[in-house]
Amino acid sequence: MKIGNIELVTPIAAAPLAGISDPVYREMMHAYGAGLVVSEMISDKALHYRNQQTIDMCRVTEHEHPVALQIFGSDPETMGEAAEFLTANTACDIIDINMGCPVTKVLKAHSGSYLMQYPELASDIVKAVVEHTDKPVTVKIRAGWDHQHINCDTFAKKMEDAGVSAIAIHGRTRSQMYDGNSDNTYIRMVKENVSVPVFGNGDIRTVEDARRMFEETGCDGIMIGRGLLGRPFFLKELNAWLNHEEYTEPAVHERINLCLGHARRLCDYEGEFMGIRRMRGLAPWYIAGLPYSARIRHEMTMITSYEELVSLLEQFEQRIKEVMYEEV
């Protein structure tokens with residue numbers, strides 16, 4: 001599929017995750033089969049004031065293309081400025097606008113899903129961004145503000161008319177946050193009302209979830225967020241399904257090596273002090289669901305060094321081997 005002039009080798013996108021979707025994570029997602037990766041949210045106002053920490057968030061590496069950098073804000077002028085800055089100073093392929101984030105901090109800035117209440121302002125923002133870049137512009141939205149105000153279909157059409165090249169729709173309302181179930185009905189409503197590519201997003205954790213998303217919505221692609229945490233191999237499984245190929249679930253040792261590889265690359269990228277602190281929230285996902293993992297997962301949230309993580313995982317793997325031997 002194509003987004004503007006950008007071709008994706010597979011219709012699977014890795015959704016932006018705050019504090020997670022850095023270049024290390026994005027490279028991993030591409031390596032395992034994502035057709036598109038999206039950065040965590042970048043503040044237009046922070047770029048306006050040339051905040052160095054925010055500028056650092058805009059880094060793009062050579063192994064993560066195609067990649068979309070996602071911006072958020074409520075002022076068409078500074079959103080246009082942000083698009084111009086990213087176009088001139090980064091190697092991103094796509095500029096994405098977040099109009100779906102439901103967290104209070106973003107809503108207080110009149111950004112994210114707050115904008116779904118104000119389609120005209122949202123349209124002005126899209127037009128400003130489109131006018132300040134030669135890259136495809138996309139938007140991520142939700143079903144609506146709440147169940148009394150479902151407007152994703154008309155809102156999406158307005159975004160298309162303003163110039164977006166693709167739309168990602170999460171099948172929950174803002175009021176749901178991440179509770180309850182994502183509803184594919186709303187994604188189908190968007191797909192039936194626009195002609196640009198539509199990505200269905202929400203509660204995709206199995207191949208069956210993906211199949212249902214495609215069949216029930218007619219969407220062009222799927223976008224997966226939390227379903228990839230600790231499971232980049234899920235992308236391989238999905239691509240095997242799409243291509244009618246065989247797939248083998250990774251063994252415990254492979255999952256442990258994945259975790260350590262992620263940690264090692266994060267330490268190289270951020271330095272060990274920051275890299276390991278970021279891994280505290282990521283490492284437990286790699287062994288989630290495995291037997292005897294509860295205690296180790298808790299200890300992972302308190303690690304202070306890479307070697308400490310190695311030691312914990314070696315202990316865990318040894319425990320698994322002992323239990324398997326006892327059962328035999």
Side-chain angles (χ1 to χ4, degrees), residues 1-17 21 26 29-30 32-41 64-72 92-102 112-113 116 122 126 129 135-144 152-153 155-160 162-173 178 182-207 209-228 234-235 238-239 241-242:
M1 64 180 295
K2 294 186 75 173
I3 298 177
N5 61 340
I6 304 299
E7 187 161 356
L8 311 188
V9 296
T10 183
I12 308 171
L17 295 168
S21 299
R26 300 192 307 254
M29 295 305 107
H30 263 309
Y32 275 84
L36 174 69
V37 294
V38 187
S39 76
E40 57 185 310
M41 292 187 297
E64 55 171 313
H65 296 284
V67 56
L69 292 183
Q70 186 185 81
I71 56 177
F72 74 100
C92 73
D93 303 290
I94 294 167
I95 295 177
D96 184 56
I97 305 172
N98 186 298
M99 296 188 184
C101 181
S113 56
M116 295 206 66
V126 169
V129 170
K135 300 178 185 295
V137 175
T138 58
V139 65
K140 191 169 191 292
I141 67 174
R142 282 202 166 214
C152 52
D153 51 349
F155 189 93
K157 180 60 179 171
K158 202 165 191 65
M159 298 306 99
E160 179 183 29
V164 299
S165 296
I167 296 167
I169 159 76
H170 184 112
R172 285 183 175 86
T173 64
Y178 297 100
S182 177
D183 192 333
N184 287 347
T185 302
Y186 304 133
I187 297 168
R188 185 177 70 247
M189 287 166 56
V190 170
K191 175 58 186 172
E192 291 175 348
N193 216 39
V194 299
S195 58
V196 295
V198 172
F199 285 85
N201 176 225
D203 294 350
I204 301 175
R205 293 183 174 87
T206 67
V207 166
D209 294 333
R211 183 198 62 76
R212 190 164 51 248
M213 175 70 78
F214 278 116
E215 290 184 357
E216 293 181 0
T217 72
C219 64
D220 304 279
I222 55 176
M223 180 173 280
I224 310 171
R226 292 174 294 170
L228 293 176
F234 181 38
L235 292 164
L238 286 169
N239 278 301
W241 167 67
L242 287 171

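Starting from 1, each residue takes its place in the sequence as its number.
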For the student: nearest non-hydrogen atoms of Asp96 and Ala68, plus distance: CB-CB, 4.3 Å
Test side-chain contact (heavy atoms from CB on, under 4.5 Å) on Ile12 and Leu242 and set out the steps. CA-CA 10 Å; Ile12 308 171; Leu242 287 171; 3.9 Å; yes
Check: Gly33 main-chain N/O paired with Asn239 side-chain donor or acceptor under 3.5 Å: yes
Begin from the C-alpha positions of Val126 and Met99 and carry the test side-chain contact (heavy atoms from CB on, under 4.5 Å) through to its verdict. CA-CA 10 Å; Val126 169; Met99 296 188 184; 4.0 Å; yes
Mind checking the NE2-CZ spacing from His65 to Arg26? Nearest 0.5 Å is all I need. 9.5 Å
Between the main-chain N or O of Val38 and the side-chain N or O of Gln70, is there a donor-acceptor pair closer than 3.5 Å? no
Could you check whether any side-chain N or O of Thr138 sits under 3.5 Å from a backbone N or O of Ile167, counting only pairs where one atom can act as donor and the other as acceptor? no
All heavy atoms of Pro66 vs all of Leu36, minimum pair found to be O-CD1, 3.5 Å
Aromatic rings Phe214 and Trp241: how do their planes relate, parallel, tilted or perpendicular, breaks at 30° and 60°? tilted
Ile71 and Val129: side-chain contact (heavy atoms from CB on, under 4.5 Å), yes or no, with the steps? CA-CA 10 Å; Ile71 56 177; Val129 170; 4.2 Å; yes
For Tyr178, is the NZ or CZ atom of Arg142 found under 6.0 angstrom from the centre of its six-membered ring and inside 45 degrees of the ring axis? yes
Backbone of Asp153 reached by a side-chain donor or acceptor of Asn193 within 3.5 Å: yes
Would you mind reporting whether Ser39 and Val67 have side-chain heavy atoms less than 4.5 Å apart? no
Distance in Å, Ile224 CD1 paired with Leu17 CG, rounded so as to fall on 0.5 Å steps: 11.0 Å
Side chains of Met41 and Pro16: does their closest heavy-atom pair fall under 4.5 Å? no
May I ask you to decide if Met223's main-chain N or O and Asn201's side chain share a donor-acceptor pair within less than 3.5 Å? yes
Kindly give the heavy-atom pair with the smallest separation between Gly221 and Met1, and that separation in Å. CA-SD, 4.4 Å
Let me confirm one number: the CE-CD1 distance from Met116 to Ile141, rounded to the nearest 0.5 Å. 4.5 Å
Nearest atoms (heavy-atom pairs only) where Ile169 meets Cys152: CD1-CB, 4.0 Å
Shortest non-hydrogen contact from Ile6 toward Asp93: CG1-O, 3.9 Å
Going through the checks in order, is the side-chain contact (heavy atoms from CB on, under 4.5 Å) test met by Lys191 and Asp220? CA-CA 8 Å; Lys191 175 58 186 172; Asp220 304 279; 2.9 Å; yes
Heavy atoms of Ala143 and Gly171 approach each other most closely as CB-C, 4.5 Å
Any heavy-atom pair between the side chains of Ile222 and Leu238 that's under 4.5 Å? yes
Can you tell me how far apart SG (Cys219) and CE (Met213) are? Round to the nearest 0.5 Å. 6.0 Å
Any chance you could measure Asp203, atom CG, to Arg205, atom CZ, to the nearest 0.5 Å? 5.5 Å
Between NZ on residue Lys157 and OG on residue Ser195, distance to nearest 0.5 Å: 5.5 Å
